[in-house]
Amino acid sequence: MKKLILCVLLSFGLFGSSAVAASPEPTSAKCIKFKKEVLSDEAKIKQLYKRYEIAANKKGSSYSKTKFKTYYSNLVEYNEFAIKAYKNMKKNQKCFTDTQFDSVKQFLSTQEAFKAFISEEKVLQNVFPAFENRSVYGGKL
């Protein structure tokens with residue numbers, strides 16, 4: 001029994017030490033360059049959303065087949081790029097404060113969950129979704 005308790009405590013000690021977040025290094029040259037990439041990705045997310053935004057909150061079935069396909073492909077392109085960008089951001093935790101990194105995880109989670117909802121059939125039967133795009137570094141895009 002003592003061995004089991006010791007193993008459990010050791011396991012928690014090992015996991016606990018690896019779960020400690022890296023301290024932010026926002027002023028390092030690598031992070032400054034990475035921040036520029038993040039801001040560029042966020043600008044592209046905003047641009048992709050603007051191409052789709054006109055359809056947001058409107059019924060998919062209210063559009064002609066051609067218009068629906070256009071808006072739907074814009075929606076998918078926006079969602080796929082956002083997922084790619086947030087995954088890239090998640091790889092560089094040390095370049096964010098804890099609050100910023102929490103935003104990255106939240107935005108990624110939202111976009112990944114949303115991907116399951118945006119099948120062509122579901123959007124056609126419902127409304128095109130709207131998003132409030134926020135910058136990781138603060139503020140609305």
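Residues: numbered from 1 along the sequence shown.
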(message) Test of understanding: with side chain to side chain contact (heavy atoms under 4.5 Å, CB included), list the residues that count as partners of Lys35, not counting sequence neighbours.
(response)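 Only Leu39, Tyr137 meet the side chain to side chain contact (heavy atoms under 4.5 Å, CB included) criterion with Lys35.
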
Heavy-atom side-chain proximity of [X] to [Y] below 4.5 angstrom:
| X | Y | result |
| --- | --- | --- |
| Tyr63 | Thr70 | no |
| Lys59 | Asn126 | no |
| Lys94 | Lys30 | yes |
| Lys115 | Val76 | no |

(message) Does the plane of the ring in Tyr49 sit parallel, tilted or perpendicular to the ring in Phe131? Use 30° and 60° as the thresholds.
(response) perpendicular

(request) Just say parallel, tilted or perpendicular for the rings of Tyr71 and Phe128, cut-offs at 30° and 60°. (result) perpendicular

(request) Output every pair passing salt bridge (Lys or Arg N to Asp or Glu O under 4.0 Å) with a member in residues 72-90, not counting sequence neighbours, ordered by first then second residue. (result)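 Non-adjacent pairs meeting salt bridge (Lys or Arg N to Asp or Glu O under 4.0 Å): Arg51-Glu77, Lys87-Glu112.
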
(request) May I ask you to say whether Lys105 pairs ionically with Asp102, meaning some side-chain N is under 4.0 Å from a carboxylate O? (result) yes

Any chance you could measure [X], atom [atom1], to [Y], atom [atom2], to the nearest 0.5 Å?
| X | Y | atom1 | atom2 | answer |
| --- | --- | --- | --- | --- |
| Ser135 | Asp41 | OG | CG | 11.0 Å |
| Cys95 | Glu37 | SG | CD | 9.5 Å |
| Glu42 | Ile45 | CD | CD1 | 6.5 Å |
| Ser103 | Leu108 | OG | CG | 12.0 Å |
| Asn92 | Cys31 | CG | SG | 7.0 Å |
| Glu120 | Leu75 | CD | CG | 10.5 Å |

(message) On a heavy-atom basis, which atom in Pro129 and which in Ala56 lie closest, and how many Å separate them?
(response)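 Looks like O-CB, 3.7 Å.
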
(request) Locate the shortest heavy-atom distance separating Phe68 from Gly60; write the atom from each residue and the value. (result) CD1-O, 3.4 Å

(message) Main chain of Lys36, side chain of Ser40: is a donor-acceptor contact present, judged purely on distance under 3.5 Å?
(response)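 No, Ser40 side chain to Lys36 backbone: no donor-acceptor pair under 3.5 Å.
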
(request) Using the rule that two of Ile, Leu, Val, Met, Phe, Trp, Tyr join whenever any of their side-chain heavy atoms come within less than 4.5 Å, decide whether Leu124 and Phe117 are in one cluster. (result) yes

(message) Determine whether Phe96 and Phe34 satisfy the following criterion, side-chain contact (heavy atoms from CB on, under 4.5 Å), listing intermediate values before the conclusion.
(response) CA-CA 10 Å; Phe96 298 106; Phe34 182 69; 3.6 Å; yes

(message) Is the distance from the ring center of Tyr72 to that of Tyr52 below 6.0 Å?
(response)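 They do not qualify: ring centres at least 6.0 Å apart.
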
(message) Checking Asn79 now: which residues fulfil side-chain hydrogen bond (donor to acceptor under 3.5 Å, both in side chains) with it, not counting sequence neighbours?
(response)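 Partners of Asn79 by the side-chain hydrogen bond (donor to acceptor under 3.5 Å, both in side chains) criterion, ordered by chain and then number, come out as Gln111.
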
